[in-house]
Student: 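I have a structure I would like to understand better, so I am pasting it below and will then ask my questions one at a time.
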Amino acid sequence: MPISPPLDSLGRRRSPAAVPGYLAGRPARSKGRRYPADPPRTEEIIAVMRCCGGGIHGARARGLIAVIWRAGLRIQEALDLTELDLDRRRGSVLVRRGKGGRRREVGMDDWGFEQPEPWLHAREKMPVGPLFCVINGRTRGRAWHASAARAALRRRATRAGCAAASHQLRHAHALELLRERVPLNVIQRQLGHRNLGVTSIYLQGIDPDEIIQTVHARRPPMIPASIGLALPRRL
């Protein structure tokens, strides 16, 4: 007897790709591939935020971009937040379940807390749930799926004419902290990395011109090289 295709709640045929286990046993297309860090510049991120629009959907997207960028969160960590996880008084964001189920508390600047404010006011009129939730339909107030959030950010980045994917915002956050002379171990804790080597991968997006200018501006040796120099003999 042939098996009928799965149906959704409205009786429509579901795509096989939406069935749990569809990709079970298949290797990921990106397995083994390494993607170079290419973080967007500040003006590019701001351009994407300006393309979010003025409606409630735009306020949600703008708030999500700000939290990911200014706190350095993974997109799923940002989507799992509740309003109680934001502590503006302390300047902290509580990640209850990060990668590997690890809990951590990170910092975020005042500007980062200001950007989600319009969304927070709109969120108060919706059912209780995650901070960045579904806006319309039967699932209003429930968790916003990561794939849908990525697609929303991708559309606005395309509209702005630049590349600013959610994980690139996290790379930009790490690189900005490095330029502000934040110690590597602090950046590691902020990003939630177990290994400092992973953090160093995030910092590979430094522009070559910046490296050249930094090294070129080094101070010269204080000892003159034009006269004889007698080094002490080692015993």
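Each residue takes its place number in the sequence, starting with 1.
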Student: Nearest 0.5 Å, what's the CE-CD distance between M126 and E124?
Tutor: 10.5 Å
Student: Taking side chain as C-beta onward, heavy atoms only, is I68 less than 4.5 Å from R74?
Tutor: no
Student: How many angstroms lie between atom CG of L86 and atom CG of L94, to the nearest 0.5 angstrom?
Tutor: 9.5 Å
Student: Side chain of R159, backbone of C51: donor and acceptor closer than 3.5 Å?
Tutor: yes
Student: Can you name the closest pair of heavy atoms from V67 and P116 and give their distance?
Tutor: CG2-CG, 4.0 Å
Student: Run the numbers on T42 and W69 for side chain to side chain contact (heavy atoms under 4.5 Å, CB included), then give the verdict.
Tutor: CA-CA 10 Å; T42 299; W69 176 27; 3.9 Å; yes
Student: Any idea which heavy atoms bring V93 and F113 closest together, and the distance?
Tutor: CG2-CZ, 4.3 Å
Student: Backbone N or O of C133 within a donor-acceptor pair of the R60 side chain at under 3.5 Å?
Tutor: yes
Student: Would you mind reporting whether R156 and R50 have side-chain heavy atoms less than 4.5 Å apart?
Tutor: no
Student: Give the intermediate values and the outcome of side chain to side chain contact (heavy atoms under 4.5 Å, CB included) for residues N185 and Q190.
Tutor: CA-CA 9 Å; N185 62 322; Q190 174 78 2; over 6 Å; no
Student: Is any side-chain heavy atom of E180 closer than 4.5 Å to a side-chain heavy atom of L175?
Tutor: no
Student: Less than 4.0 angstrom from a charged side-chain N to a carboxylate O is my criterion; do R179 and E176 meet it?
Tutor: no
Student: Can you list the residues that meet the side chain to side chain donor-acceptor pair (under 3.5 Å) rule with D85, with sequence neighbours excluded?
Tutor: T82, R96
Student: Heavy atoms, side chains only, cut-off 4.5 Å: are L81 and L73 in contact?
Tutor: yes
Student: Donor-acceptor pair, R123 side chain versus P130 backbone, under 3.5 Å?
Tutor: yes
Student: So do the side chains of N136 and H57 get within less than 4.5 Å of each other, counting heavy atoms only?
Tutor: yes
Student: Check for a donor-acceptor pair, side chain of R142 on one end and backbone N or O of G129 on the other, with a separation under 3.5 Å.
Tutor: no
Student: When you group the ILVMFWY residues by side-chain heavy-atom contacts below 4.5 Å and let the links chain together, are L169 and V182 in the same group?
Tutor: no
Student: One pair to check against side chain to side chain contact (heavy atoms under 4.5 Å, CB included): F132 and D80. What are the steps and the verdict?
Tutor: CA-CA 8 Å; F132 298 105; D80 288 341; over 6 Å; no
Student: Looking only at heavy atoms, which two atoms of C162 and V48 are closest? And how far apart?
Tutor: SG-CG2, 3.5 Å
Student: Would you kindly confirm whether W111 and M108 end up in one hydrophobic cluster when ILVMFWY residues are joined by side chain heavy atoms under 4.5 Å apart?
Tutor: yes
Student: What are the two closest heavy atoms between C52 and I65, and how far apart are they?
Tutor: SG-CD1, 4.0 Å
Student: Would you check if V106 and R104 make a side-chain contact, meaning some heavy-atom pair closer than 4.5 Å?
Tutor: yes
Student: With a 3.5 Å distance limit and no angle check, can you tell me whether W119 reaches the backbone of L131 through a side-chain donor-acceptor pair?
Tutor: yes
Student: Please name the pair of heavy atoms, one in A164 and one in A157, separated by the smallest distance, quoted to 0.1 Å.
Tutor: N-CB, 4.1 Å
Student: Establish whether L79 and V95 are linked, either directly or via other cluster members, by ILVMFWY side-chain heavy-atom contacts under 4.5 Å.
Tutor: yes
Student: Check whether any side-chain N or O of E77 sits under 3.5 Å from a backbone N or O of R97 as a donor-acceptor pair, and report yes or no.
Tutor: no
Student: So that I can tick it off, tell me whether E105 and R189 are bridged by a salt bridge, with the cut-off set at under 4.0 angstrom between side-chain N and carboxylate O.
Tutor: no
Student: Taking C-beta and beyond as the side chain, do L184 and L196 meet within less than 4.5 Å on heavy atoms?
Tutor: yes
Student: Keeping the roles fixed (side chain from Q115, backbone from G112), state whether a donor-acceptor pair exists under 3.5 Å.
Tutor: no
Student: Applying side chain to side chain donor-acceptor pair (under 3.5 Å), name anything that partners R170, two or more places apart in sequence or on another chain.
Tutor: H193, Y202
Student: Might you point out which heavy atoms bring Q168 and P40 nearest each other, and give the distance in Å?
Tutor: O-CD, 3.5 Å
Student: Do V186 and L177 come close enough that some side-chain heavy atom pair is under 4.5 Å?
Tutor: no
Student: Are the side chain of R140 and the backbone of I135 linked by a donor-acceptor contact shorter than 3.5 Å?
Tutor: yes
Student: Please identify each residue that fulfils salt bridge (charged side-chain N to carboxylate O under 4.0 Å, His left out) with R88, with sequence neighbours left out.
Tutor: E114, E117
